[in-house]
Amino acid sequence: MDKSVQKITNNVSLIASADTWIEGLAIEQLIKTSNLPDMHYVAGMPDLHPGRGYPIGAAFFTQNKIYPALVGNDIGCGMSLWQTSAKVSKVNLERLAKKFAHVEQPLDESWSALVASRKVEKGINIHNYDRALGTIGGGNHFAEFQAIEHIYDHTTFDTLGLNKKHLQLLVHSGSRGLGQSILVEHIANYNHHGLTVDDKNFHSYMNQHNEAVRWAELNRELIALRFLDAIRANGNCVVDINHNLVSAKNIEGKAGWLHRKGATPSDKGYVVIPGSRGDYSYLVKPLITDETPTQSHNISLFSLAHGAGRKWKRGECHGRLGHKYKREDLYRTALGSRVVCGSKELLYDEAPQAYKKCETVIQDMIDAGLITVIAKLRPVLTFKTNGECSA
DNA sequence: ATGTTC
């Protein structure tokens, strides 16, 4: 257990074994962030990598203020896993790949009634970003059909309503332009100083943030429904978990605010930790929950990795891979899956080579006593974008 | 990450 938990400073821990690659700049950013006023604990996950000033793949605990810049622009970004009714045995990859011509367009009128009622049910009153609702976006966002590669815990697998004969659908997306607009407005007023809990705008930010989280959840739901519709299947949501958000939390008896930036909550039930498009994803059971005796909640801050973690920066991947792989080489992966990605830059930026092997990240969390694995999922078809310009 | 880049 101890070999996968590094104590970086007095209040900074890192969930990673000594041989897991973590970029030096990411550690520097982690330490720098731990020195912000009112920062009590910081925990880096094994997928930690550098971001713009603050690291990605980490959780931050404050007591009397929040830092919207730590959450970032993609408020509510997360992962949802759906069990579909589509049979794995009937998959024809090339036929499947052609079914998603329309999924980046705004939802048409046939969705209006559903969208309107779901917005009311989720308490979403904002309408400015309706055109983006139900769309994946760019960057590392995707929708991926998967198949079960191996089941480690059959009881839990069955209890969750999963079926290995049928495809799963994993959706990674967030709050699109809505979250971005909330962060931009906040930074314009407060720069990176954060908001104290008694600031007149504290509740206003939190209300906007919470609405963006619900908007992102609805976005993933609509993306999943539209991908299911495209293949004429139906499905059920098995897990949905946000990894970019700030929420109230008690840590070691202290009431405060837990920021997660690319950090999956361990106190919200089962979660999926996705690998790159050429790697397995893992359905896992978090072990540090509100029921766990308080031995060391500040070590992982009720958080887990949100993926395999970037190894290479965005923008440098084409240069690193271009001489070895032509564009056509990247539409299939080593696991036999198919990739739909009309954007050349995204095709390279999100290549499997740009990410760490997910198994090392999973193993670090197992060794740290944070998770057990329920099932391993294999990518079948990853959808990024159809067109060059929409990414 | 981003109704997408001046």
Side-chain angles (χ1 to χ4, degrees), chain A residues 26 29 33 47-58 67-80 102-108 111 115 124 126-143 171-188 192 205 208-209 211-213 215-220 222-223 226 241-246 259-264 274 276-277 306-310 312-318 341-351 354-355 383-391:
Chain A
Q29 291 181 338
T33 309
D47 60 334
L48 186 80
H49 59 278
R52 299 186 36 177
Y54 311 109
I56 298 159
Y67 290 98
L70 288 182
V71 175
N73 62 328
D74 198 3
I75 301 164
C77 185
M79 294 284 168
S80 61
H102 60 296
V103 296
E104 292 172 285
Q105 299 306 121
L107 290 165
D108 66 30
W111 295 85
V115 170
I124 296 166
I126 196 143
H127 302 299
N128 293 359
Y129 294 88
D130 283 1
R131 283 175 60 81
L133 201 49
T135 61
I136 297 173
N140 56 359
H141 291 171
F142 62 81
V171 176
H172 179 202
S173 190
S175 55
R176 312 286 274 106
L178 172 59
Q180 164 87 343
S181 72
I182 294 167
L183 180 68
V184 165
E185 186 196 339
H186 168 80
I187 295 292
H192 287 242
Y205 172 81
Q208 290 183 84
H209 163 284
E211 186 169 10
V213 168
W215 194 102
E217 290 166 355
L218 179 57
N219 189 33
R220 288 189 291 276
L222 292 167
I223 291 165
R226 129 185 262 193
I241 192 91
N242 301 304
H243 53 229
N244 288 353
L245 74 169
V246 54
H259 306 65
R260 293 184 174 99
K261 173 60 174 180
T264 302
S276 74
R277 69 186 186 216
H306 78 312
R310 260 193 179 282
W312 299 346
K313 275 197 282 290
R314 279 192 182 113
E316 73 177 34
C317 303
H318 193 179
C341 182
S343 156
K344 187 164 71 176
E345 280 315 302
L346 262 189
L347 193 61
Y348 284 96
D349 275 350
E350 298 299 314
Y355 285 84
F383 182 92
K384 295 291 293 180
T385 178
N386 280 312
E388 189 73 56
C389 52
S390 48

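Just so it is clear, the values below take in all heavy atoms, side chains as well, and ignore hydrogens, waters and symmetry mates. As the structure is a prediction and not an experimental result, all values here were calculated from the model. Below, read A as the first sequence line, B as the second, and so on, with proteins coming before strands; counting in each chain starts at 1.
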Exercise for the section: Just call it for A/Gly72: base, sugar-phosphate, or nothing, with non-hydrogen atoms closer than 4.0 Å on any strand. Expected result: nothing

Exercise for the section: In whole angstrom, give the distance that lies between atom NE2 of A/His127 and atom C1' of B/dG3. Expected result: 18 Å

Exercise for the section: Using salt bridge (charged side-chain N to carboxylate O under 4.0 Å, His left out) as the criterion, list what pairs up with A/Glu211, not counting sequence neighbours. Expected result: none

Please tabulate, one pair per line, all N/O donor-acceptor pairs under 3.5 Å involving side-chain atoms of residues 176-183 of chain A, not counting sequence neighbours.
residue, atom, partner, partner atom, Å
A/Arg176, NE, A/Thr135, O, 3.3
A/Arg176, NE, A/Thr135, OG1, 3.1
A/Arg176, NH2, A/Thr135, OG1, 3.2
A/Gln180, OE1, A/Asn73, ND2, 3.2
A/Ser181, OG, A/Tyr129, OH, 3.4
A/Ser181, OG, A/Leu178, O, 2.7

Practice task
Apply the salt bridge (charged side-chain N to carboxylate O under 4.0 Å, His left out) test between A/Glu350 and each candidate in A/Lys344, A/Arg310, A/Arg277; give the one that qualifies.
Solution key: A/Arg310

Exercise for the section: Find the distance A/Glu345:CD to B/dT2:P and express it as a whole number of Å. Expected result: 17 Å

Completion exercise
When rounded to whole Å, the CD to P distance for the pair A/Gln180 and B/dT5 reads 10 Å

Problem - Value in whole Å for how far the C1' atom of B/dT2 lies from CD of A/Glu185 - result: 16 Å

Handout entry: A/His102 and A/Asp108: side chain donor to acceptor below 3.5 Å
Key = no

Practice task
Mind calculating the distance between NZ (A/Lys344) and P (B/dT4) to the nearest angstrom?
Solution key: 22 Å

Problem - Whole-Å gap separating P (B/dG3) and CG (A/Leu178) - result: 10 Å

Completion exercise
Between CD1 of A/Ile126 and P of B/dG3 the distance, given in whole Å, is 13 Å

Problem - Touch class at under 4.0 angstrom, heavy-atom based, for A/Asn128 against every strand present - result: base

Practice task
Return no unless some side-chain N or O of A/Arg176 is found under 4.0 Å from OP1 or OP2 of B/dT2.
Solution key: yes

Completion exercise
In whole angstroms, the gap separating C1' of B/dT4 from NE2 of A/His141 amounts to 14 Å

